[in-house]
Visitor: 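Take this structure, written in structure tokens, and hold onto it; I'll ask about it next.
First the proteins, then the strands, lettered A, B, ... as listed; each starts at 1. Atoms considered below: every heavy atom in the structure, side chains included; atoms not considered: hydrogens, waters and symmetry mates.
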Number of protein chains: 2
Amino acid sequence: MPNRKIATPISLVEVKTACSNCNLHELCLPMGLSHDEVEKLDELVSNRRRLKRGEHLYRAGEPFDSIFAVRSGFFKTDVLLEDGREQVTGFQMTGELLGLDGISTEIHSCNAVALEDSEVCAIPFSHLEGLSREIHTLQHHFHKVMSREIVRDHGVMMLLGTMRAEERLAAFLLNLSQRFTARGYSPAEFYLRMTREEIGSYLGLKLETVSRAFSRFQEEGLIAVQQKHVRILNIPGLKQLMNHQQGRG
Amino acid sequence: MPNRKIATPISLVEVKTACSNCNLHELCLPMGLSHDEVEKLDELVSNRRRLKRGEHLYRAGEPFDSIFAVRSGFFKTDVLLEDGREQVTGFQMTGELLGLDGISTEIHSCNAVALEDSEVCAIPFSHLEGLSREIHTLQHHFHKVMSREIVRDHGVMMLLGTMRAEERLAAFLLNLSQRFTARGYSPAEFYLRMTREEIGSYLGLKLETVSRAFSRFQEEGLIAVQQKHVRILNIPGLKQLMNHQQGRG
DNA sequence: CGCGCTGTTGAAACTTGTCAAAGTTTGTGG
DNA sequence: CCACAAACTTTGACAAGTTTCAACAGCGCG
């Protein structure tokens, strides 16, 4: 089993977490590949890495050479402006890829931080390009993943450009709910891994505005929220809120 | 010279606009390819298409099969919400690619509209993937282009999430200036192809706010603007405005 | 067990949106 | 080529939404 640190003896745990034995098949890069193809992909995932909460996976300005698949845990990515302003550009959970921003210049353009203890698989990008040339399915799937990221970003732009505070938070909660559902968790109950400030940064709002919107949703019986624990009581209600309001400040 | 309409005789004009004879080498997909490689790419650019101002290149919901390179002219892309709200997600000029959003689901997720009479080269995506498997340089360059789009989107998210109206407009004008410069035009003087409303939609502002910001920049001697004609008088001034203000409403 | 980080809430200030009116340019048809 | 209509832009006054500032409460980590 190839591993960057060649001298290190290979533990059973590492073998078991190769793509072919990973339960993220249907979410992650191996999606749609045949058994044989996944085994080829195994050779490519050179390295796993564990991160503690708060640790950086990479920082803006660092050289890029791998993309990362989240194996467990939760991440945020953010960009900084010279004057110190920060924008969270995304939250990544199990099976999602990190580092696509670095392909462009071979320098990472954002920071990736673990919001809880996490584990990632590093995929050296040149190897991925190599294997993509052999396995059409992998090539096509990778292109779809990049494109999906672009479409997702357009959704965030729509949110930031046209929605008011409560609509943004509703959209955010519904998006999380959907992604947790896709991973086999409850659509209606989850723990937020990020602070109000990080939610606010992602949604283009101040933390106080986020907090007030949470309180308002609770008053209206849409959700039950206590700190980071959220229970969605009325999904259709949130959807309606997101779509039928007008204008923005 | 392969062409979708096989029965159509090939005009000299069409031959002349193959990648190998196109003056967009250094901006467009053939960037960095050898002469031989560009000739292979020629075979791939199956079709040119002319569009009148206001015409749609594609619409959200239509099946995707090609990406497009802008040969001349100017485009916008936008997304619509069910309730009618619209967000312009980008403006594309010469040498830039359109349609990357469609790869993900094989359905276009946004609309692309010509803002002036324009011409595009259609590149069937499956052919591009095929040729990418042969030509590493092309594969890598295409990945960089997609990644660059992701990075650009992060920049827009930063703009929408953290900047106030005048900062957004300053950033917008500086970005246009830079892109015109890269195409050999003046960095300081250009015609806007889009309306105040379209600028506003892109920047997450109402058209009146955009108009007021233009007026304010003019009062302050940063630009001279008359309708769609813009002359930037003080580029450092705009940069400073973009970076050193704080807070947002 | 307390200190710091995080979250909540209130009141005032500020930015941007909304509505309205008038001016300007562009495009069309006679 | 002119005249008129439609589309776009500018500007003002007011309203609404979000931020700012401030105080306090709660949770969790050391």
Visitor: Hey, is the side chain of A:R164 poking within less than 4.0 Å of OP1 or OP2 on D:dT18, counting only N and O atoms?
Guide: no
Visitor: Let me test you: for the helix from C:dC1-D:dG30 to C:dG30-D:dC1, what is the angle between the axes at its two ends (five pairs each), rounded to 10 degrees?
Guide: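 Answer for the end axes of this duplex: 50°.
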Visitor: Indicate whether any N or O donor in one side chain lies under 3.5 Å from an N or O acceptor in the other, for A:Y58 and A:D101.
Guide: yes
Visitor: Within 45° of the ring axis of B:F214 and under 6.0 Å from its six-membered ring centre, is that where the NZ or CZ of B:R196 lies?
Guide: yes
Visitor: Who are the side chain to side chain contact (heavy atoms under 4.5 Å, CB included) partners of A:A170, not counting sequence neighbours?
Guide: A:F217, A:L238, A:L241, A:M242
Visitor: Suppose we screen for side chain to side chain contact (heavy atoms under 4.5 Å, CB included). Which residues come up paired with A:A182, at least two apart in sequence or across chains?
Guide: none
Visitor: Sequence neighbours left out, what passes salt bridge (charged side-chain N to carboxylate O under 4.0 Å, His left out) with B:E208? Give chain and number order.
Guide: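 Per chain and number, B:E208 pairs via salt bridge (charged side-chain N to carboxylate O under 4.0 Å, His left out) with no residue.
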Visitor: How about A:H154 and B:Q87: does a side-chain donor come under 3.5 Å of a side-chain acceptor?
Guide: no
Visitor: Could you write nucleotides 21-30 of chain D as a row of B, S and -, 5' to 3', where a protein heavy atom under 4.0 Å of any base atom gives B, of only sugar-phosphate atoms gives S, and otherwise -?
Guide: B---------
Visitor: Just checking, any donor-acceptor pair under 3.5 angstrom between side chains of B:D83 and A:N243?
Guide: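 No, because no side-chain N or O of B:D83 sits under 3.5 Å from a partner of the opposite role on A:N243.
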Visitor: Have a look at A:S215 and say if it touches a base, only the backbone sugar-phosphate, or nothing, with a 4.0 Å heavy-atom cut-off.
Guide: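 Since only primed, P, OP1 and OP2 atoms lie under 4.0 Å of A:S215, the category is sugar-phosphate.
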Visitor: It should be established whether A:S211 places a side-chain nitrogen or oxygen under 4.0 Å from OP1 or OP2 of nucleotide C:dT6.
Guide: no
Visitor: If the condition is ring pair (Phe, Tyr, Trp, His ring centres under 6.0 Å), which residues does A:F64 pass it with, not counting sequence neighbours?
Guide: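 Listed in chain order: A:H108, A:F125.
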